[in-house]
Amino acid sequence: MSAGSATGAPGRFRPCTLQHLQGLQVLQGAPVLLRLLTRQRRTSAALWLLMLWSLVAVAPPSYERTYPDAASRQAVIDLADSSPAMGVFMGRLPSPGSLGQVFAWETGTYVLWCAALLAVVLTASATRGDEESGMVELARGSGAGRWTPLVSSSAWVAALLTVLSAGTGLLLTVAAMTSEEMTVAGAWVYSALLLVVGLVFEALTLVLAQLLREPTAVRGVGLMGFAVAFALRVTADTTGASWLRWLTPLAWRDLIDPYGANDVGVLVVGLGVALAAGGLAALLHHHRDTGAAWLPEPTRSRRRRRVRGPLDLLLRLGARSTGWWLVSLVVLTGLFTGMGAAMTDVLDVAPQAAATLAALTGPGSIAATYLLLVAEFTVLLIAVAVVLRTLGAVGDERDGLTEAVLAQGVSRSRWYWARVADAAVLAAVALVVTAGATAAVAGSQFPGEQAAERAWVYTLSQGAGMLAVLGVAFCLVGLAPRLAAGVSWAVVSWSAFTVFLAGLLGLPRWLLDVSALGHVVEVGAPTAWTPLVVQGAVGVLGLLAGWWGLRRRAVPGV
């Protein structure tokens with residue numbers, strides 16, 4: 001063989017080298033890892049999809065019943081134009097305010113936010129979470145390619161967002177068949193917007209996963225990025241600097257105007273941003289080792305503090321997360337309650353809207369009905385925070401941290417009740433803080449309606465439902481930790497469905513009673529105490545059953 005052929009001269013056969021084989025195997029094992037990701041997260045993913053699709057399916061018929069013509073929608077259009085709180089929260093309602101535009105402005109905003117938050121949380125979990133738990137190293141050691149973990153995790157999240165978008169498009173297409181103002185073109189433009197915004201937040205979180213080591217840091221900075229995007233959208237709406245809308249995915253809805261202008265050119269820009277961020281994440285991933293990060297860990301400190309038991313450790317580790325939750329809850333409840341006066345004016349002249357609100361919460365004055373709705377939404381968010389904190393016990397057991405703590409002489413009972421106390425402290429503090437924030441704003445919005453008292457009572461009395469959520473979650477932590485995530489999220493999802501949708505659908509009253517939310521002490525009226533007592537009993541018995549189960553099962557049992 002000539003020297004030229006040996007060195008791989010142009011036009012000659014080039015021998016297969018080890019580098020070539022490695023290049024062909026960079027995605028080795030990707031299908032297996034995709035199936036594993038699906039199996040691990042299928043329950044939570046299915047619950048998210050069902051909850052968001054239910055919201056999309058119910059909203060258009062509800063709007064059509066509540067606002068059957070343009071005249072009945074004028075009050076909402078005036079509210080959107082005149083209420084600063086409404087403008088800050090959801091932006092401006094585009095003209096002429098068709099049913100489709102009302103959907104994209106109100107319910108569509110919530111769904112868009114959920115898609116963005118879902119992309120951040122799942123991407124952080126599927127990248128840095130699996131890397132920290134050792135699954136990525138195990139996959140690489142089992143023959144997976146160099147790029148398999150990154151490509152599999154990003155493809156899995158993108159596929160979930162695509163399924164969410166496609167299902168939303170189909171549901172809105174069905175709605176368009178029964179309403180002239182819900183067009184098919186608007187349905188798929190909104191669905192495409194949902195997908196593009198989710199992909200952008202996923203790609204930006206992928207970049208953060210290369211820069212930061214800890215999954216909590218990736219998730220925290222990603223959620224901070226969502227807050228910055230929201231702040232930019234608010235700035236654009238309140239200052240008239242419309243060019244800022246191009247800088248935040250949460251304002252692209254206003255540029256595209258689904259069911260209105262349907263300007264899909266913005267979607268092309270969004271896809272370009274997602275591809276550019278994804279390319280940057282791939283470049284950063286290529287030049288780092290597994291388990292390494294480009295930036296130092298912001299959560300590490302050289303200071304050493306004496307830890308007085310497992311509860312002290314849990315409270316310190318969760319302090320930052322608790323702070324973020326409290327700030328977010330105070331801001332959201334303040335915004336919702338601040339819409340009260342303007343919302344009252346709308347309901348006074350829009351009997352259909354008042355009837356819809358009464359169907360959600362039951363009969364009562366407009367002020368009482370609205371404050372109860374705010375309290376139910378607030379407690380729903382607190383339930384999400386408490387379930388996340390509770391499921392941390394399952395994650396620690398799966399990662400071997402619980403076994404290490406028990407090996408140091410900490411009893412199972414002490415570990416279990418420390419976990420319970422940590423989640424209970426979060427729930428109690430969040431209930432008190434949000435009730436106080438709501439009461440502080442409600443007094444000026446509903447004078448003469450015992451608004452401050454109602455805000456306190458409606459929020460705090462749902463502590464019995466929060467105890468029931470804690471009892472169910474910790475019962476499963478102690479007895480069957482593998483089922484804890486699925487069943488706990490099912491309880492929260494069912495409670496949200498019954499509170500916000502069951503009344504509109506006319507479901508039987510007993511179904512509404514089987515909920516962790518919505519049962520409150522009435523102000524100035526007789527109170528149905530039976531649901532509150534049952535909730536408290538479920539909570540206490542669930543906590544005791546979990547304690548009994550943990551003392552008798554193997555650890556780890558995940």
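Quick note: numbers below take in every heavy atom, side chains included, and nothing from hydrogens, waters or symmetry partners.
Side chain of W48 to backbone of L118: no donor-acceptor contact under 3.5 angstrom is found. In this structure, W494 contributes its side chain and V514 its backbone to a donor-acceptor pair below 3.5 Å. Proximity of a side-chain donor or acceptor of S133 to a complementary backbone N or O of D130 within less than 3.5 Å is detected. Although no hydrogens or angles enter the test, the distance criterion places no donor-acceptor pair under 3.5 Å between the side chain of R414 and the main chain of P310. The closest donor-acceptor contact from the side chain of T43 to the backbone of G486 lies at 3.5 Å or more, if one exists at all. The closest donor-acceptor contact from the side chain of T333 to the backbone of V330 lies under 3.5 Å. In terms of modelled atom types and a separation under 3.5 Å, the side chain of T168 and the main chain of S191 share no donor-acceptor contact. With T498 contributing its side chain and S495 its backbone, the two residues share a donor-acceptor pair below 3.5 Å. Judged by distance alone, the side chain of R41 and the main-chain N or O of S125 form a donor-acceptor pair under 3.5 Å.
Counting heavy atoms from C-beta outward, V58 and F497 have side chains that stay 4.5 Å or more apart. For the pair W324/L223, no side-chain contact is recorded, criterion being any heavy-atom separation below 4.5 Å from C-beta on. Looking at T123 and F201, their side chains never come closer than 4.5 Å, going by heavy atoms from C-beta outward. Within the 4.5 Å cutoff, the side chain of R140 has heavy atoms near those of the R146 side chain.
Note: F103 and Y259 have perpendicular aromatic rings, judged against thresholds of 30 and 60 degrees for the angle between ring planes.
A cation-pi arrangement, defined by a distance under 6.0 Å to the six-membered ring centre and an angle within 45 degrees of its axis, is absent between R419 and Y416. Figure legend: cation-pi geometry between R551 and W547, with NZ or CZ positioned under 6.0 Å from the six-membered ring centre and within 45° of its axis.
Looking at R219 and E132, no side-chain N of the basic residue comes within less than 4.0 Å of a carboxylate O on the acidic one, giving no salt bridge. Ion pair E131/R128 flagged as a salt bridge, since at least one NZ, NE, NH1 or NH2 atom sits closer than 4.0 Å to an Asp/Glu carboxylate oxygen.
Within the model, atoms CG of L314 and CG of L426 stand 12.0 Å from one another, a figure rounded to the nearest 0.5 Å. Separation of atoms CG (L380) and CE (M466) is listed at 8.5 Å; rounding is to 0.5 Å. Distance check, rounded to the nearest 0.5 Å: OG of S153 to CG of L206 gives 6.5 Å.
Checked against the 6.0 Å centroid threshold, H285 and W147 count as a close aromatic pair.
Taking every heavy atom of both residues into account, V197 and P249 meet most closely at CG2-O, 3.7 Å.
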